[in-house]
Undergrad: 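Please find one structure pasted underneath; my questions will follow.
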Amino acid sequence: MQLCKARLRTGEVEVGVVREGRAYFLRRGGTDGPNTLSDFLYAADPAELVRSRCADDTGVPLDRVQLLPPVDQQEVWAAGVTYKRSREARERESAGAARFYDLVYNAARPELFLKATPRRVVGPGAAVRIRRDSRWNVPEPELALVVSPQMKIVGYTIGNDMSSRDIEGENPLYLPQAKVYDGSCSLGPVVTLAATMPPPEHVTIRLTITRGGAVVFEGSTSLSAMKRSFEDLVSWLGRENSFPDGVILLTGTGIVPPDHFTLERGDDIAIDITNIGTLRNWVE
Ligand code: DO4
Ligand code: MG
């Protein structure tokens, strides 16, 4: 089962269940809720609550609504160097600090960083940004975990951890500037409920970058190439850290374009993940 958050032509924001290219909006519950996407996702039985709130109508084609990023008040965090490909790329870009990437890849404690606040997140079809003070930028296609305030993984969505490789490579202490800026994160198009997600070995992540109608980069990886388990990442994230609104956790990238590649303004980025869909953005 997949849920979305959408803005209608009237300007109203609704939560919907997505089936065969249509969104079926869910009846709100007034002052007691459920009202927000989080209310549905964090319910004891999200699928049952969705079924009980689904209006008996014909729904709306998805291309007639503006899909919003599936985030309410949550912070977005990210894990890093969880795939060998990411470790290797970082070792090359950060000659002076290469050994730290090898250390973190093999350590028990993962790299975790605050990636975005909701205001910095864009949704499907919107523009992600590259920093004006950077020359080397890439998208990072990542599976995103939707985690409840009780630190339970309730769903999955697609995340793009936009990164400035020259800033990160110059000095690892610049990581927050390489990673966190306006329009640096994209999420969507839907949240697939945890119970309906296939096991990692059956999940493929694909990245396609198109420039002026021509594909300039294509890559894919299997989720099973990830070094750490989701549960391990979530348990480290929850150490000495509470998330009353829940949290979104990007799980790291296993796809890095070759070192000569950088994004340009106007590029189209499509990230496809099995059983979630395709998150498309353009670069501003
Ligand atoms: O250490 C830098 C960031 C790593 C990252 O974002 C990733 O591996 O996806
Ligand atoms: Mg990343």
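In each ligand, atom 1 is the first atom listed, and ligand 1 is the first ligand listed. In this chain, numbering begins with 1 at the start of the sequence shown.
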Undergrad: Tell me whether the count of non-hydrogen atoms from other residues, nucleotides or ligands lying under 6.0 Å of CZ in Arg109 goes above 12.
TA: no

Undergrad: When you compare the side chains of Asn281 and Ser186, does any donor N or O come within less than 3.5 Å of an acceptor on the partner?
TA: yes

Undergrad: What is the minimum heavy-atom distance between Phe261 and Leu263, and which atoms define it?
TA: CE2-N, 3.7 Å

Undergrad: Run the numbers for me: atoms of ligand 1, each under 4.0 Å from some heavy atom of Asp161, listed by number.
TA: 6 (O)

Undergrad: Looking only at distance, does Val81 have an N or O less than 3.5 Å from an N or O of ligand 1?
TA: yes

Undergrad: Less than 3.5 Å apart, any donor N or O on the side chain of Ser235 or Arg239 sitting next to an acceptor on the other?
TA: no

Undergrad: Quick test: of every protein heavy atom, which one is nearest to atom 8 (O) of ligand 1, and how far off is it to 0.1 Å?
TA: Ser86 OG, 2.6 Å

Undergrad: Determine, for Phe40 and Arg53, whether the Lys NZ or Arg CZ falls below 6.0 Å from the six-membered ring centre while staying within 45 degrees of the axis.
TA: no

Undergrad: Please evaluate residues Arg165 and Asp259 with respect to the criterion salt bridge (charged side-chain N to carboxylate O under 4.0 Å, His left out), reporting the C-alpha separation (whole Å), side-chain torsions for both, the decisive distance (0.1 Å), and the verdict.
TA: CA-CA 9 Å; Arg165 291 191 67 187; Asp259 292 351; 3.3 Å; yes

Undergrad: What protein atoms of element N, O or S are positioned under 2.8 Å from the Mg ion (ligand 2)?
TA: Glu140 OE1, Glu142 OE2, Asp161 OD2

Undergrad: Determine, for Tyr83 and Lys227, whether the Lys NZ or Arg CZ falls below 6.0 Å from the six-membered ring centre while staying within 45 degrees of the axis.
TA: no

Undergrad: Does some non-hydrogen atom of Phe113 fall short of 4.0 Å from ligand 1?
TA: yes

Undergrad: Check each atom of ligand 1 against the heavy atoms of Gly80 and keep those under 4.0 Å away; list them by number with element.
TA: 4 (C), 5 (C), 7 (C), 8 (O)

Undergrad: Which of the numbered atoms in ligand 1 are under 4.0 angstrom from any heavy atom belonging to Gly252?
TA: 9 (O)

Undergrad: For ligand 1, is any non-hydrogen atom under 4.0 Å from Leu175's backbone (N, CA, C, O), its side chain (CB onward), both, or neither?
TA: side chain

Undergrad: Using distance alone, decide if ligand 1 has a nitrogen or oxygen within less than 3.5 Å of any nitrogen or oxygen in Thr253.
TA: yes

Undergrad: Begin with the C-alpha distance, continue with both residues' side-chain angles, and end with the deciding distance and a verdict on side chain to side chain donor-acceptor pair (under 3.5 Å) for Ser163 and Lys179.
TA: CA-CA 5 Å; Ser163 301; Lys179 295 285 193 177; 2.7 Å; yes

Undergrad: Is it the case that the side chains of Ser134 and Asn137 hold a donor-acceptor pair, with the cut-off being a distance below 3.5 Å and no angle test?
TA: yes

Undergrad: Regarding ligand 1, does Glu142 bring an N or O atom to under 3.5 Å of one of the ligand's N or O atoms?
TA: yes

Undergrad: Please set out all donor-acceptor pairs under 3.5 angstrom arising from side-chain atoms of residues 3-10, sequence neighbours excluded.
TA:
residue : atom : partner : partner atom : Å
Lys5    : NZ   : Val71   : O            : 2.8
Lys5    : NZ   : Asp72   : OD1          : 2.7
Arg7    : NH1  : Gln66   : OE1          : 3.4
Thr10   : OG1  : Glu12   : N            : 3.4

Undergrad: Are Lys179 and ligand 1 in contact, using a heavy-atom cut-off of under 4.0 Å?
TA: yes

Undergrad: Could you give the distance from CD (Glu14) to OG1 (Thr36), rounded to the nearest 0.5 Å?
TA: 12.5 Å

Undergrad: Would you mind finding which of Glu111, Arg85, Glu93 brings a heavy atom closest to atom 2 (C) of ligand 1?
TA: Glu111

